[in-house]
Structures are given as C-alpha cells and as structure tokens.
Colleague: 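One structure follows; several queries about it will come next.
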Number of protein chains: 2
Amino acid sequence: MTFSEENYLKTIYHLTWVSDADISTNAIAEKMETKASSVTDMLKKLSEKDLVNYIKYQGVSLTDKGKLAAKMIVRKHRLWECFLVEKLEFSWDEVHDIAEQLEHIKSEKLINKLDDFLGNPTEDPHGDPIPDANGRIIKVEKQLLSEFEKNQIGICVGVKDTSSDFLKYLDKQEIALGSQIEIIEKESFDSSFRIRVGTKELTVSNKIASNIYIK
Amino acid sequence: MTFSEENYLKTIYHLTWVSDADISTNAIAEKMETKASSVTDMLKKLSEKDLVNYIKYQGVSLTDKGKLAAKMIVRKHRLWECFLVEKLEFSWDEVHDIAEQLEHIKSEKLINKLDDFLGNPTEDPHGDPIPDANGRIIKVEKQLLSEFEKNQIGICVGVKDTSSDFLKYLDKQEIALGSQIEIIEKESFDSSFRIRVGTKELTVSNKIASNIYIK
DNA sequence: TATAATTTTTAGATTTGCCTAAATTTAATT
DNA sequence: AATTAAATTTAGGCAAATCTAAAAATTATA
Ligand SMILES: [Mn+2]
Ligand SMILES: [Mn+2]
Ligand SMILES: [Mn+2]
Ligand SMILES: [Mn+2]
C-alpha cells in the first residue's frame, strides 16, 4: 500500500468516526486539501483493492479490510506520538507532523515492539484511543466542556482540535490532560465559560470549550 | 528532497567510501538494482540541484552540499539502527530494512533528540561510524580478519557484509562486536583461518574472514 | 589505428498521483 | 415538473521515477 492510499484510508476512517454515514468525495477532498477529481481516482483504486465500498455519486465507506488497515495506521500514528512525548520529550503540539511521516513505516514487528516499549498505552498524548494489534479500541466516553453545566467538575481527558495553535493555547492556560476543571459560570449571552483549572480562574470562549473533552 | 533522490545520494556516498574515485553510472545502477538509464536521469536532476558534480560519460561525485546531505541520511539510518537494537531489542540482522525506511523521516529535531536519547553513540550495531549533527565522523581504523597473521589477537569491532545471512552466521558462531578473536592457524592452501573466539575454536573460510573487522 | 566491446545517454512508453476544464448526475428551488 | 445549483465524474495533461530499445561515446583489443 502506498503512502497516498494509506492517507486516504485514514481520512475516510476519521470522517466516519465523527459522522458514521457514507463519506462524500468532497468531504475527503476538503480534509486532504486536494481536488475532488483526485479523490474519485483514488476511490476507484481503493475499491478495486476491496478496501472501500464505493458506488459512483453515492459516497464511500470502508470495508472490514479497509477499516482494519486504517486502524493500523492510526495505531502507528498514535504510538509514535506517545514515543515522541514520553521518550524524546517533545511537547504535545509538536508531534503530529512527525507522526504523519512515521505512521507509514512498514513493520508489524516494529510497531508491536514499540507498543511494548511504551508499556502498551491505551491513549495518545491528545487523549485519543490507540487501537491494539488486533484493531480493538477501548472507547472511553467523554463529553465536551461546552456541554457541561454550572458547578459541574470534571477531568480534562482529551482535545478535539489537535492543532498546534490550540494546544499551545492550552499550555499557556495550564490546561493539560488530567487537569481538573470546574464550571464556575456559564454566560448565556455568548455561551462562554468561567472555569477554574487547579487554583486559577479563567474565561474561555465557547469555541475553546467545544474542543476540550471532560470526564 | 524525495526518497529516491536521498537513496541515490546515499548510494554514491557509500560507493565513494570504498573507492574514492568518481563513481560510474553502472556502479550506481548495480548497487541500486535499477537500470543505467534511470541513473542517468537522476544524475541530471541531482546535478541541477548542485548535489553532485556530473559530467556526461565521466562519472559523478558528491558536492559538499550533496555529501552533507548524504551524511545526514547515513546518520539517521545508523541512529535508528541503534534505537532498534538498544531500545526495542531487535537483533543486528533485523534492523537494516526498517532503517532504510526510517532514514527518510524529515525532522532535524527528531534525529537530534533521538541521538541524545541513545546517549550519542558513535557507532551503529554493525560497528559503522555515526556522523554527528555537523556531519563529522570519528573514523576508527580497523583491519579485516583476513589480513591478520598467526598468533595475533584482536577484538571484533565491525562487519563489512551486513547482510542478514552473514550476521546470523556470526550469531551461530557466537561472534559479536567485542568478541576477542585469536588467530590459531592460517591455512595457506585456501587462506582459511583457525581461530579462537572466547573459549571456542573454529575454522572460518577466507570469505568469512574478509568480512570481519578487527582492532 | 581500425574495429569490436562496453558503457552511457537519448528517445519514447508506462505508472502513480495529481491537476484543470468540461460533462454528467444528483439535489434544491422556483 | 422544469430549471437552477451543487456535487461528482470523466477527459485530457503534467511531473516524477521507472523501463526497453536504439543511438552515441568511450574503452579495449586485434
Ligand atoms: Mn496526530
Ligand atoms: Mn494524537
Ligand atoms: Mn544498515
Ligand atoms: Mn548499520
């Protein structure tokens, strides 16, 4: 499987994760920053290889084979992110781009040994679940901070937006995985939140609150 | 720089390491298991980018820029081999193919952090020197076992042939980097050697002896 | 030094992944 | 239901990296 094929599978997998329904050509094109015509070409190829179910004009979904392949790429991506953070002391906002490269390294033995070396983590540095060698995922239920109400308390367990900019913002506010967050006030006018993180109080916009997972 | 360009640079670098003179199109084609016409195409491109000095029909050499680029790829290859052996418990005959992939990962920060994580090793699992971040190499002088004479004693510090088959043979004979090797007898008829490795005695062909470095 | 053998380059194709522009299909609106 | 708008596919092309076959240059040999 080529890098490009792998990237398409991964994208379809991610889009399915949030929406579940069949995925449109345009949705893939937008996420991959490419053209719809290129997507069509690739969907034909992936369909030929039985990695996706594709019907012209009707959208696409992963076959079992394609889903497993996608999960293995996600597994690699997230394990490498763990490695970079835990062993090489990268911060969580620096690892994604490097993992985008590392996820394409082909060696089952390598990834399984890496898994063991890291102590078989179940989540990556952004709180996302890591599929095991068989593709099984422990799905932890978590809510967005924006769905919380006044006086509720929870622990930050993940982020939805994993962009470097957002992660750096969280660093600045000293919000990290494991931080306790308490809703002091919810402003009805703009849906912003007054929250307490540890001992500090701060106000965050609804956009921010919609990208932090709490449990 | 593409993977292919990097592989060509690395190949030219390795060929230069052993012979020093300008490298022929055919030599590159043979080493890379490709066709001479493909090599010509790539040499034009590398020349255009000032990575090689190339004159039609006259062979090729690396420019300073090309040499540094090649060294950085070799640095990555060998550091990853160290990582695989030291941290993930791969054996020395399993790491080359994986390192062939990992050497193309682009991130200076990654490779320098990996270097530190490994304790800044100067040699890879096969006894080959690892260029530092500036491309400097500590060249340790070593001789081939085949050049040794009766009664001489030395330490195995490297291998010339790094093929999996040869490395497995050495494992079987319990010859590893650091092993003490003593020449008991040199057979003039076929230039084979009777040697002592640790407490064991064994006979090795000249071909074997020509692929073990001793100091 | 001619001629033959070898090496190297050029010419022309192929595959992969991508693009633009045009055609087609599906969805949304009068 | 007809028309318009949007999404998707097709057609045709391009660049990178490879190949085969033919041409050209270099090297070896008689
Ligand atoms: Mn990531
Ligand atoms: Mn992640
Ligand atoms: Mn190697
Ligand atoms: Mn090596």
Side-chain angles (χ1 to χ4, degrees), chain A residues 1-13 15-16 18-62 66 69-70 73 100-101 103-106, chain B residues 1-13 15-16 18-62 66 69-70 73 100-101 103-106:
Chain A
M1 198 148 33
T2 66
F3 282 24
S4 192
E5 288 172 331
E6 292 189 338
N7 285 332
Y8 275 93
L9 285 184
K10 193 183 52 162
T11 299
I12 297 167
Y13 178 79
L15 289 170
T16 305
V18 300
S19 89
D20 216 6
D22 277 15
I23 306 302
S24 75
T25 301
N26 264 2
I28 297 169
E30 192 179 355
K31 187 134 194 189
M32 298 188 72
E33 297 181 69
T34 183
K35 303 294 162 169
S37 54
S38 306
V39 175
T40 302
D41 283 348
M42 183 57 85
L43 293 183
K44 283 181 195 164
K45 190 159 53 133
L46 293 176
S47 178
E48 202 58 47
K49 293 188 175 188
D50 275 317
L51 293 162
V52 300
N53 306 115
Y54 170 60
I55 305 166
K56 263 195 192 184
Y57 294 103
Q58 304 283 120
V60 72
S61 63
L62 294 171
I73 301 160
E100 286 288 300
Q101 298 180 62
E103 72 190 5
H104 300 293
I105 301 294
K106 270 127 196 127
Chain B
M1 197 149 32
T2 66
F3 283 23
S4 191
E5 288 173 328
E6 291 188 339
N7 284 332
Y8 274 94
L9 285 184
K10 193 183 53 163
T11 299
I12 297 167
Y13 177 79
L15 290 170
T16 305
V18 300
S19 89
D20 216 8
D22 277 15
I23 307 301
S24 75
T25 302
N26 264 1
I28 297 169
E30 192 178 356
K31 188 135 193 189
M32 298 188 72
E33 297 181 74
T34 183
K35 303 293 163 171
S37 54
S38 306
V39 175
T40 301
D41 283 348
M42 183 56 85
L43 293 183
K44 282 181 196 165
K45 189 158 55 132
L46 294 176
S47 179
E48 202 59 46
K49 294 188 175 187
D50 275 317
L51 292 163
V52 301
N53 306 114
Y54 169 59
I55 305 167
K56 262 194 192 184
Y57 294 104
Q58 303 282 120
V60 72
S61 64
L62 294 171
I73 301 160
E100 287 287 301
Q101 298 180 62
E103 72 190 4
H104 300 294
I105 302 294
K106 271 129 195 125

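In what follows, chains are A, B, ... by sequence order, proteins preceding strands, each numbered from 1. Atoms considered below: every heavy atom in the structure, side chains included; atoms not considered: hydrogens, waters and symmetry mates.
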Colleague: Can you measure B/Gln58 atom CD to D/dA25 atom P for me and round it to whole angstrom units?
Modeller: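 Going from CD in B/Gln58 over to P in D/dA25 covers 13 Å.
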
Colleague: Given atom CG of A/Asp22 and atom P of D/dT8, what is their separation to the nearest angstrom?
Modeller: 11 Å

Colleague: For A/Leu43 and C/dT16, give me the distance from atom CG to atom C1', rounded to whole Å.
Modeller: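 In whole Å, C/dT16 C1' and A/Leu43 CG are 16 Å from each other.
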
Colleague: Does any non-hydrogen side-chain atom of A/Leu46 lie less than 4.5 Å from one of A/Tyr54?
Modeller: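 A/Tyr54 does not reach A/Leu46 side chain to side chain.
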
Colleague: Just the rounded figure in Å: distance from C1' of C/dT7 to OH of B/Tyr57.
Modeller: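 About 9 Å, once rounded to whole Å.
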
Colleague: Find every protein N or O atom lying less than 3.5 Å from an N or O atom of nucleotides 19-21 of chain D, and list the pairs.
Modeller:
{"from": "D/dC19", "atom 1": "OP2", "to": "B/Thr34", "atom 2": "OG1", "distance (Å)": "2.6"}
{"from": "D/dC19", "atom 1": "OP2", "to": "B/Lys35", "atom 2": "N", "distance (Å)": "3.2"}
{"from": "D/dC19", "atom 1": "OP2", "to": "B/Ser38", "atom 2": "OG", "distance (Å)": "2.7"}
{"from": "D/dT20", "atom 1": "O4", "to": "B/Ser37", "atom 2": "OG", "distance (Å)": "3.0"}

Colleague: Quick check against the 3.5 Å criterion: does A/Thr34 have a side-chain atom that pairs as donor or acceptor with the backbone of A/Glu30?
Modeller: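 Not a single qualifying donor-acceptor pair exists.
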
Colleague: Could you pick out which residue, A/Met42 or A/Lys56, lies toward the 5' side of DNA chain C when each is mapped onto its nearest nucleotide?
Modeller: A/Met42

Colleague: What's the CD-P distance between A/Glu5 and C/dT15, to the nearest Å?
Modeller: 15 Å

Colleague: Among A/Val39, A/Thr25, A/Leu43, which one satisfies side-chain contact (heavy atoms from CB on, under 4.5 Å) with A/Val60?
Modeller: A/Leu43

Colleague: Please report the distance, rounded to the nearest Å, between CD1 in A/Ile28 and C1' in D/dT8.
Modeller: 12 Å

Colleague: Assign B/Thr40 to base, sugar-phosphate, or nothing according to its heavy-atom contacts below 4.0 angstrom with the strands shown.
Modeller: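 The residue B/Thr40 makes base contact.
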
Colleague: Figure out the CD1/P separation between A/Ile55 and D/dT8, and round it to whole Å.
Modeller: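 Nearest whole value for this atom pair: 14 Å.
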
Colleague: Reckon B/Ser4 has a side-chain N or O less than 4.0 Å from the OP1 or OP2 of D/dA16?
Modeller: no

Colleague: Give B/Tyr54 one of three labels, base, sugar-phosphate or nothing, depending on what nucleic acid heavy atoms sit under 4.0 Å from its own.
Modeller: sugar-phosphate

Colleague: Got a second to check how far B/Leu62's CG is from B/Lys10's NZ, nearest 0.5 Å?
Modeller: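 So the CG of B/Leu62 and the NZ of B/Lys10 are separated by 13.0 Å.
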
Colleague: Report the distance from atom CE of B/Met32 to atom P of D/dT18, rounded to the nearest whole Å.
Modeller: 7 Å

Colleague: Is the backbone of A/Ala70 close enough, under 3.5 Å, to the side chain of A/Glu6 for a donor and an acceptor to pair up by distance?
Modeller: no

Colleague: Looking at A/Asn26, I'd like to know whether one of its side-chain N or O atoms comes within less than 4.0 Å of OP1 or OP2 on D/dA6.
Modeller: no

Colleague: B/Phe3 near the nucleic acid: base, sugar-phosphate alone, or nothing, with a heavy-atom cut-off under 4.0 Å?
Modeller: nothing

Colleague: Under 4.5 Å between any side-chain heavy atoms of A/Leu51 and A/Met1, yes or no?
Modeller: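 SC-SC contact between A/Leu51 and A/Met1 confirmed.
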
Colleague: Look only at the side chain of A/Lys31 and the backbone of A/Ala29, and say whether a donor-acceptor pair between them is shorter than 3.5 Å.
Modeller: no

